[in-house]
*Asks:* 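Provided herewith is a single structure, encoded as structure tokens, for subsequent inquiry.
What you see below is based on every heavy atom in this structure, not just the backbone, and it leaves out hydrogens, waters and symmetry mates.
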Amino acid sequence: MKKYSFLILFSTIFFFCIPIKIFASYDGIITRNAVNIREDYTTSSKVLYTLNSNTSIVVVDKKLYGGGSDCQEGWLEVIYKNSNGYVCSKYVSIIDTTFDGINVMDYTARVTGNNVSVRKSASTSSTQLATLSLGTNVEILSTTSSTSSGCTSKTWYMVQYYGNKTGYICKDYVVKKEEITANDDEYTQVLKEKGFPNSYIPYLTHLHNKYPNWNFEAIDTNLEFSTVIDKEEGKNLMQTANDSYRTSDVPSEGSTWFKVNSGVIAFYMDPRNWLTENRIFMFENLKYINEKEDIYPSLIKNIFGSGKLSDDKYTIPMFNSGKNLGMSPLAIATRIRLEVGANGSASTSGESFTWDGKTYSGYYNFFNIGAYEAKINGVSVSAVKRGLLYAAKLAGVRSSGELWNNIETAITEGSSTLAKNYINKGQDTLYYQKFNVSPDSATSHFTHQYMTNIQAPAIEGSQTYNAYKSADILNSNITFEIPIYNLMPEYTSLPATGNTNNDLSNLQIDGYSISPLFDSDILTYEVYVPTSVEKINIKATAKSELSTVSGDGEITLESDESIVTIKVVSQAGTEKKYTIAIHKVDDTTKVEDVTSKSSLVINSAYLTKIKNSTTVQSLKDTLIKNGAKSVVITDKNGNESSPTSYVGTNYKITITTTIESKSYTISVNGDTSGDGQVTILDLLQIQKHIKKVTTLNNATLLSADTSGDGKVTILDLLQVQKHIKKINYL
């Protein structure tokens with residue numbers, strides 16, 4: 001082999017061995033003029049582009065490079081016109097990527113149980129104010145001890161939930177984010193080399209510190225997170241009465257199961273929300289582990305505790321099925337526990353039922369396979385009966401084996417369905433069985449999903465955790481396969497409950513104009529003030545009276561370039577940020593200065609004294625010559641006017657100077673028709689107005705007052721007539 005061929009091969013192998021990490025990108029706005037995008041993160045590097053304020057860019061990620069005297073705040077890697085470069089972060093306002101329908105707020109504490117009670121005071125005998133779902137965000141306001149409270153830890157948190165509601169929750173059912181995250185530079189590098197994004201690492205570091213024998217594997221799904229959520233819509237149910245979680249008030253199954261919206265799906269599908277000690281078991285590989293053969297029987301019993309199904313006649317078939325099928329017996333036990341409970345149900349009692357005039361008995365369906373409400377030949381059939389019908393009529397056909405008419409057969413054949421159709425086909429974790437995103441799946445993504453209960457992986461995983469904990473083997477060698485998605489938001493939370501309006505209805509600065517003109521959907525603005533100004537007063541008003549606004553009021557300007565962030569928090573706790581870049585400048589020319597020098601008059605919302613037959617370009621040139629930085633003129637339909645067209649009455653004009661931008665409606669002297677000229681049509685319109693046949697108002701009324709005396713009289717009519725006859729010109 002020639003040397004260069006070897007080098008090419010080595011380079012190729014090396015390239016494919018490097019973990020590929022995909023980070024979320026963000027929209028960004030340049031916040032001042034003449035900002036350089038450079039080839040590298042230093043001012044000595046080549047300038048690729050020079051951008052002005054309000055130019056849109058893409059921020060690759062929030063990592064900061066360099067620093068020092070060049071740019072103390074650090075440099076951001078950005079993309080502009082398909083080219084990568086670096087810009088000092090001081091001159092960039094980042095707008096977080098938004099995910100439609102998904103709550104991307106961070107949290108400080110969360111509820112760790114399902115249907116957890118919020119009480120009026122710190123006692124289980126106190127009035128119940130609400131029940132919160134697994135994963136609900138709360139803010140801890142204070143801590144209270146209560147020796148007779150009915151709370152195991154004897155400690156209660158006063159919490160704020162659903163935006164602005166308060167109550168008490170037993171500490172046993174709340175976890176602080178700081179309690180489940182940790183930092184370790186050395187282990188961080190290990191996880192990065194495995195392919196874990198930064199947002200996963202604090203949780204996994206905490207778990208590693210506590211259980212060093214646990215092994216975490218990053219599984220690259222090569223799927224975009226938003227696409228996954230879209231594909232899962234309509235396929236997930238939850239027992240909830242929370243309107244902010246449901247897609248409809250009409251149950252999808254039974255009387256309590258509802259389809260959930262994209263925000264709930266995103267939260268339960270986001271692996272980072274489940275990287276906790278008891279929930280991470282949804283990612284455990286469910287293959288049979290020979291080293292655990294001796295303890296599997298006791299672990300299975302731990303799943304059912306003192307329940308009826310802890311009896312050997314149930315647990316032995318579970319163990320044997322797992323061993324023979326090559327799958328974890330715990331996966332069998334936890335699935336059965338989730339489906340029928342620790343004591344079993346009508347699906348596992350062998351009780352009799354009647355169908356089509358025939359009575360059946362002695363059939364079992366431990367996995368509730370085929371058990372869903374349906375109409376058969378116009379007859380409503382309950383989920384239990386549907387499952388038993390499967391056991392009595394279809395199970396043998398589907399599995400090419402026996403009908404499920406005894407306990408051992410029902411458990412064995414049900415387990416076989418789970419193993420052959422899921423675990424041995426790439427869906428080998430609880431997570432993959434619920435959400436089929438496995439890169440090794442034998443079936444198409446988002447299909448062939450075992451359960452519809454969106455909480456199932458979290459619930460089943462915690463049962464496995466409890467079994468391991470009871471057996472005191474939590475620190476054994478356990479492998480967790482954790483999915484990674486492309487373009488994930490920084491955080492996901494359950495949908496906020498309450499009024500979610502976090503818009504502003506008004507944003508202004510006393511004495512100065514913001515650019516662009518305020519719009520509740522525009523989040524980034526700028527304003528120019530004289531260098532002598534030390535303070536400004538910002539007024540911000542929320543659209544909803546239930547929202548709170550912060551960051552406005554009197555602001556001290558400590559430098560020539562300041563960034564002010566106005567934060568609007570809705571009743572439900574969702575947050576929106578409006579950013580204002582404030583620039584101090586020497587040029588203090590105002591719009592009124594420009595119009596005055598141009599012999600034009602501002603009359604309230606109107607720009608008057610514009611001569612007829614003035615072209616758009618001519619008016620622009622005059623205003624710019626007298627100090628305007630830019631002028632935009634649009635016609636009556638809102639379209640930007642052609643440079644050679646005449647400026648007409650009721651056209652709109654926006655004049656921008658260094659320190660402000662103002663908009664007016666144009667009034668052309670004598671032009672009531674709006675074509676920019678004075679013709680017989682204008683004469684007739686003024687005549688009808690004087691005779692009170694029709695009425696001119698607003699800009700047209702100002703145009704008709706050619707004499708400038710504030711009234712429209714016969715004098716104005718004569719002046720227009722003389723202009724048309726070319727005797728005297730307006």
*Asks:* Could you measure the distance from the CG atom of Leu286 to the OG1 atom of Thr334? Nearest 0.5 Å is fine.
*Replies:*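 With rounding to 0.5 Å, CG (Leu286) is 7.5 Å from OG1 (Thr334).
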*Asks:* If you measure only the distance, is there a donor-acceptor pair under 3.5 Å linking the side chains of Lys194 and Asn215?
*Replies:*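 Distance-only check passes for Lys194 and Asn215.
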*Asks:* Quick one: is the NZ or CZ of Lys177 closer than 6.0 Å to the six-membered ring centre of Tyr107, and within 45° of its axis?
*Replies:*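 Geometry flag: set, cation within 6.0 Å and 45°.
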*Asks:* Kindly compute the distance separating CZ (Arg119) from OH (Tyr168), expressed to the nearest 0.5 Å.
*Replies:*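 With rounding to 0.5 Å, CZ (Arg119) is 14.0 Å from OH (Tyr168).
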*Asks:* Starting from the C-alpha separation in whole Å, work towards a yes-or-no answer on side chain to side chain contact (heavy atoms under 4.5 Å, CB included) for Asn302 and Tyr468.
*Replies:* CA-CA 8 Å; Asn302 285 335; Tyr468 279 28; over 6 Å; no
*Asks:* Can you establish whether the number of heavy atoms outside Lys231 located under 6.0 Å from its atom NZ is more than 12?
*Replies:*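 Counting other residues, nucleotides and ligands, NZ of Lys231 stays at 12 neighbours or fewer.
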*Asks:* Distance check, rounded to the nearest 0.5 Å: Asp220 atom CG versus Asn486 atom CG?
*Replies:*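 Separation between the atoms: 6.0 Å.
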*Asks:* Do Tyr432 and Ile219 make a side-chain contact, defined as non-hydrogen atoms from C-beta onward lying under 4.5 Å apart?
*Replies:*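 Tyr432 vs Ile219: side chains touch.
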*Asks:* Show your working on side chain to side chain contact (heavy atoms under 4.5 Å, CB included) between Glu277 and Leu474 and close with a plain yes or no.
*Replies:* CA-CA 10 Å; Glu277 184 174 339; Leu474 271 177; 4.2 Å; yes
*Asks:* Give a yes or no on whether the backbone of Ala467 and the side-chain of Ser470 come within a donor-acceptor separation of less than 3.5 Å.
*Replies:*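 Judged by distance alone, no pair lies under 3.5 Å.
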*Asks:* Taking atom types as modelled, find out whether Asn236 and Lys434 have a side-chain donor-acceptor pair closer than 3.5 angstrom.
*Replies:*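 Yes, because at least one side-chain N or O of Asn236 sits under 3.5 Å from a partner of the opposite role on Lys434.
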*Asks:* To the nearest 0.5 angstrom, please state how far the CD1 atom of Ile423 sits from the CG atom of Asn285.
*Replies:*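 CG of Asn285 is found 8.5 Å from CD1 of Ile423.
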*Asks:* Aromatic contact between Phe216 and Phe283, with the criterion being ring centroids under 6.0 Å apart: yes or no?
*Replies:*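 No, they do not, as the ring centres are separated by 6.0 Å or more.
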*Asks:* Name each donor-acceptor pair under 3.5 Å that joins a side chain in residues 262-271 to protein atoms two or more places apart or in another chain, with its distance.
*Replies:*
from	atom 1	to	atom 2	distance (Å)
Tyr268	OH	Leu134	O	3.0
Tyr268	OH	Gln455	NE2	2.9
Asp270	OD1	Arg272	N	3.1
Asp270	OD1	Arg272	NE	2.9
Asp270	OD2	Arg272	NE	3.3
Asp270	OD2	Arg272	NH2	2.8
Asp270	OD2	Thr492	OG1	2.6

*Asks:* Restricting to non-hydrogen atoms, name the atom on Pro495 and the atom on Tyr245 that form the minimum distance, rounded to 0.1 Å.
*Replies:*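 Looks like O-CE2, 3.5 Å.
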*Asks:* Considering all heavy atoms of both residues, which atom of Val104 and which atom of Pro489 are nearest to each other, and what is their separation?
*Replies:*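 That would be CG1-CB, 3.7 Å.
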*Asks:* Check for a donor-acceptor pair, side chain of Asn261 on one end and backbone N or O of Ser244 on the other, with a separation under 3.5 Å.
*Replies:*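 Such a contact is found between Asn261 side chain and Ser244 backbone.
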*Asks:* Does Lys176 use its side chain to pair, donor to acceptor, with the backbone of Ala109 at less than 3.5 Å?
*Replies:*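 Judged by distance alone, no pair lies under 3.5 Å.
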*Asks:* Quick one: does any side-chain atom of Glu481 pair with a main-chain N or O of Glu217 as donor and acceptor, under 3.5 Å?
*Replies:*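 No; judged by distance alone, with no hydrogens or angles, the pair does not exist.
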*Asks:* If we ignore hydrogens and angles and just use 3.5 Å, is the side chain of Arg337 paired with the main-chain N or O of Ile303 as donor and acceptor?
*Replies:*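 The answer is yes, because a donor-acceptor pair under 3.5 Å joins these two groups.
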*Asks:* Measure from the side-chain N and O atoms of Thr205 to the backbone N and O of Ile201, and report whether any donor-acceptor pair falls under 3.5 Å.
*Replies:*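 Yes.
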*Asks:* With side chain to side chain contact (heavy atoms under 4.5 Å, CB included) as the test, would you mind laying out the steps for Asp172 and Cys151 before giving the verdict?
*Replies:* CA-CA 7 Å; Asp172 302 345; Cys151 172; 4.0 Å; yes
*Asks:* Between the side chains of Lys393 and Tyr363, is a donor N or O closer than 3.5 angstrom to an acceptor N or O?
*Replies:*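 There is no such pair (donor and acceptor under 3.5 Å, judged by atom type) between the side chains of Lys393 and Tyr363.
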*Asks:* Please list, chain by chain and in numerical order, all residues satisfying side-chain hydrogen bond (donor to acceptor under 3.5 Å, both in side chains) with Ser349, sequence neighbours excluded.
*Replies:*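 Ser349: side-chain hydrogen bond (donor to acceptor under 3.5 Å, both in side chains) contacts with Glu351.
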*Asks:* Is the backbone of Thr354 close enough, under 3.5 Å, to the side chain of Lys385 for a donor and an acceptor to pair up by distance?
*Replies:*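 Side chain of Lys385 to backbone of Thr354, a donor-acceptor pair under 3.5 Å: yes, one is there.
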*Asks:* For the backbone of Ile316 and the side chain of Asp312, can you confirm whether one donor and one acceptor N or O come within less than 3.5 Å of each other?
*Replies:*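 Absent.
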*Asks:* For Tyr288 and Tyr296: C-alpha separation, side-chain torsions, deciding distance, then whether ring pair (Phe, Tyr, Trp, His ring centres under 6.0 Å) applies.
*Replies:* CA-CA 10 Å; Tyr288 188 88; Tyr296 272 138; 5.1 Å; yes
*Asks:* Ile289 and Ser328: side chain to side chain contact (heavy atoms under 4.5 Å, CB included), yes or no, with the steps?
*Replies:* CA-CA 7 Å; Ile289 300 174; Ser328 169; over 6 Å; no
*Asks:* Looking at OG1 of Thr452 and CD of Glu253, how far apart are the two atoms once the value is rounded to the nearest 0.5 Å?
*Replies:*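 If I round to the nearest 0.5 Å, the distance is 5.5 Å.
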*Asks:* Within a reach of under 6.0 Å around NZ of Lys323, are more than 12 heavy atoms found that belong to other residues, nucleotides or ligands?
*Replies:*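 Check fails, neighbour count at 12 or below.
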*Asks:* Between the side chains of Ser493 and Arg110, is a donor N or O closer than 3.5 angstrom to an acceptor N or O?
*Replies:*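 Yes, side-chain donor-acceptor contact under 3.5 Å.
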*Asks:* Less than 3.5 Å apart, any donor N or O on the side chain of Thr256 or Gln239 sitting next to an acceptor on the other?
*Replies:*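 A pair is found: one side chain offers a donor N or O, the other an acceptor, under 3.5 Å apart.
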*Asks:* Quick check against the 3.5 Å criterion: does Ser321 have a side-chain atom that pairs as donor or acceptor with the backbone of Met318?
*Replies:*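 Checked: no pair found.
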*Asks:* Quick check for you: to the nearest 0.5 Å, what is the distance between Thr127 atom OG1 and Leu129 atom CG?
*Replies:*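 Atom-to-atom, Thr127:OG1 and Leu129:CG are 7.0 Å apart.
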*Asks:* Give the minimum heavy-atom separation between Trp156 and Ser146, together with the two atoms involved.
*Replies:*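 For Trp156 versus Ser146, the nearest heavy atoms are CD1-CB, 4.1 Å.
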*Asks:* Indicate yes or no: at least one non-hydrogen side-chain atom of Leu388 is less than 4.5 angstrom from one of Tyr364.
*Replies:*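 Not in contact.
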*Asks:* Any side-chain donor paired with an acceptor under 3.5 Å for Ser125 and Ser123?
*Replies:*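 Present: a donor and an acceptor within the cut-off.
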*Asks:* Just checking, any donor-acceptor pair under 3.5 angstrom between side chains of Asn115 and Thr131?
*Replies:*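 Short answer, no.
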*Asks:* Can you confirm whether or not the ring centre of Trp214 sits under 6.0 Å from the ring centre of Phe281?
*Replies:*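 Yes, the ring of Trp214 comes within the 6.0 Å limit of the ring of Phe281, centre to centre.
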*Asks:* Which residues satisfy the side-chain contact (heavy atoms from CB on, under 4.5 Å) test with Lys313, sequence neighbours excluded?
*Replies:*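 If we apply the side-chain contact (heavy atoms from CB on, under 4.5 Å) test to Lys313, skipping adjacent residues, the hits are Asp311, Ile407.
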*Asks:* Looking only at side chains, do Asn242 and Thr497 share a donor and an acceptor under 3.5 Å apart?
*Replies:*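 Asn242 vs Thr497: donor-acceptor pair found between side chains.
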*Asks:* Does any N or O in the side chain of Thr417 come within less than 3.5 Å of the main-chain N or O of Glu413, such that one atom is a donor and the other an acceptor?
*Replies:*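 Side chain of Thr417 to backbone of Glu413: a pair is present.
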